[in-house]
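Worksheet: the structure to be examined is printed underneath.
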Amino acid sequence: RHRRMIKVAKFTSPNYIALAKKTNKAQIITIDYSHFCEFAIWALQAQKVPLIESGFAPGQHILPTLSVRVGGNEHHISSSSRTAQLKPQSSENTPLLQTDQNNKKQASDDKARATAVPLAVLPNGTILRDSWEIASYPGKLSPVDPELRKLLDEEVGPLARQLTYVYVLKASNSDLWNALCTRGRHWLWRFAWWLFMGSFITKRMKKVFQPDNQESVNQCRERLKIAVEKVGVMISTRSYGLNPVHRDPENPLVRSCVFSGLVLDHSRLLCYLCL
């Protein structure tokens, strides 16, 4: 079944490697309102890297990403910014992204990584697998400390995403959710969304992000607050330096882009939804 889907993906999707070479611009596949994707794009823009973004709705992105990640002889599986079910935690030491270590769950996680966004294809054929690899290219930005990166990638990012979807997936915000997934999309996708795809994807998203699980929502809100406070402490101490935008406008650090993408971008949406 998976092999058949890969064949369909290759047949129906653009050849992004050829497009990158022809246009001499990086081709970036995104879910165009995703904060992990915003972080990657802002990092490239800060380094003045020419790019073309191909933005998709959730579900619509699956075939294009499969065609690039696993459609060739070499696989390019994402190693970060993954989506997994966030379960209520018994303590602060419980892993935030919980997955059962059995074969079925591991296979499901592998498939999720094979369709993760963002990813970028460079004019020379190089494929950058996730936000962090994209932000590290072409190396003009100072790198993020591993401890800070882990906090942003495994706590701040997933928590901000979950809390946003708690509001986006509310029945009262169905018009917004439908608009995010259909506005500006191909007419075939819009038709499929209204016919059956919208209901199917919305149910899957609710299963992952649990907007109706109040215990999970409360823990998410509290842990996001704690995580953001930790980030604030890290970037304000001498070991992490002052805000790099203020210190050196010509050489911003990756953490400026990632923090803006993973936190501030979703904060604006949350403010809108709560009005």
Side-chain angles (χ1 to χ4, degrees), residues 1-41 43-44 49-84 99 103-138 153 157 161 180-182 184-193 196-198 200-201 204-205 208:
R1 181 182 177 184
H2 190 56
R3 290 178 180 175
R4 288 198 300 270
M5 183 174 287
I6 293 173
K7 289 181 179 180
V8 172
K10 293 172 67 176
F11 179 75
T12 59
S13 302
N15 186 331
Y16 288 100
I17 294 177
L19 281 174
K21 184 177 181 180
K22 180 180 179 179
T23 61
N24 200 33
K25 294 181 179 180
Q27 303 289 316
I28 302 184
I29 300 174
T30 69
I31 290 176
D32 47 21
Y33 62 82
S34 161
H35 58 338
F36 280 105
C37 296
E38 285 289 280
F39 149 46
I41 289 173
L44 290 183
V49 175
L51 62 91
I52 296 175
E53 179 184 2
S54 296
F56 297 95
Q60 187 188 23
H61 76 289
I62 290 175
L63 293 181
T65 54
L66 279 177
S67 71
V68 176
R69 290 193 184 279
V70 297
N73 295 327
E74 186 178 352
H75 290 183
H76 306 275
I77 306 301
S78 174
S79 61
S80 69
S81 58
R82 68 190 178 94
T83 298
T99 54
N103 292 337
K104 185 176 180 180
K105 289 293 185 180
Q106 186 61 49
S108 177
D109 189 49
D110 290 344
K111 288 181 180 179
R113 292 181 186 277
T115 59
V117 288
L119 75 155
V121 182
L122 302 181
N124 65 2
T126 300
I127 295 175
L128 306 177
R129 299 173 299 168
D130 53 41
S131 303
W132 298 100
E133 286 192 1
I134 294 171
S136 298
Y137 173 83
D153 195 57
R161 175 172 54 199
L180 284 172
C181 295
T182 60
R185 316 294 180 188
H186 194 280
W187 71 266
L188 281 175
W189 172 258
R190 297 200 304 271
F191 178 75
W193 180 268
F196 68 93
M197 193 63 75
F200 174 75
I201 290 176
R204 293 291 297 270
M205 299 284 278
V208 172

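Throughout, numbering of the chain's residues begins at 1 and tracks the sequence.
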Can you name the closest pair of heavy atoms from Ala26 and Pro123 and give their distance?
-> N-CD, 4.2 Å
Between CG of Asp130 and NE2 of His76, what distance do you get to the nearest 0.5 Å?
-> 13.0 Å
Are any side-chain N or O atoms of Ser13 and backbone N or O atoms of Lys10, one a donor and one an acceptor, separated by less than 3.5 Å?
-> no
Taking every heavy atom of Pro138 against every heavy atom of Val49, the minimum-distance pair comes out as CD-CG2, 3.7 Å
Going from CD1 on Ile31 to OG1 on Thr115, what distance comes out if it is rounded to the nearest 0.5 angstrom?
-> 8.5 Å
Is the side chain of Arg129 donor-acceptor paired with the backbone N or O of Arg69 at a distance under 3.5 Å, no angle test?
-> no
Evaluate the side-chain proximity of Cys181 to Ile201: yes if any heavy-atom separation is below 4.5 Å, no if none is.
-> no
Applied to residues 14-35, the salt bridge (Lys or Arg N to Asp or Glu O under 4.0 Å) test, sequence neighbours excluded, yields Asp32-Arg185
Between Pro64 and Ile29 the two heavy atoms that sit nearest each other are O-CD1, 3.8 Å
Please examine the side chains of Trp132 and Ser79, heavy atoms only from C-beta on, and report whether any two atoms are closer than 4.5 Å.
-> no
Considering only heavy atoms from C-beta outward, does the side chain of Glu53 approach that of Ile41 to under 4.5 Å?
-> yes
Supply the atom-to-atom distance Tyr16 OH to Thr65 OG1, rounded to the nearest 0.5 angstrom.
-> 9.0 Å
Under the 3.5 angstrom rule, does the side chain of His186 hit a backbone N or O of Leu188 as a donor-acceptor pair?
-> yes
Report yes if the side chains of Pro58 and Tyr33 come closer than 4.5 Å at any heavy-atom pair, otherwise no.
-> yes
Sequence neighbours excluded, which residues qualify as side-chain hydrogen bond (donor to acceptor under 3.5 Å, both in side chains) partners of Asn24?
-> none
Do Asp153 and Phe36 come close enough that some side-chain heavy atom pair is under 4.5 Å?
-> yes
How many angstroms lie between atom CD1 of Ile28 and atom OG1 of Thr30, to the nearest 0.5 angstrom?
-> 8.0 Å
Heavy atoms of Pro14 and Ser67 approach each other most closely as O-OG, 4.5 Å
When you look at Trp189 and Met197, which way does the side-chain contact (heavy atoms from CB on, under 4.5 Å) test go after all the steps?
-> CA-CA 9 Å; Trp189 172 258; Met197 193 63 75; 3.6 Å; yes
Under 4.5 Å between any side-chain heavy atoms of Ile17 and Val68, yes or no?
-> no
Side chains of Leu19 and Ile52 in contact at under 4.5 Å (non-hydrogen atoms) | no
Give, for atom OH of Tyr137 and atom CG of Leu44, the distance between the pair rounded to the nearest 0.5 Å.
-> 8.5 Å
Quick one: CZ on Phe196 to CZ on Phe191, what's the gap to the nearest 0.5 Å?
-> 9.0 Å
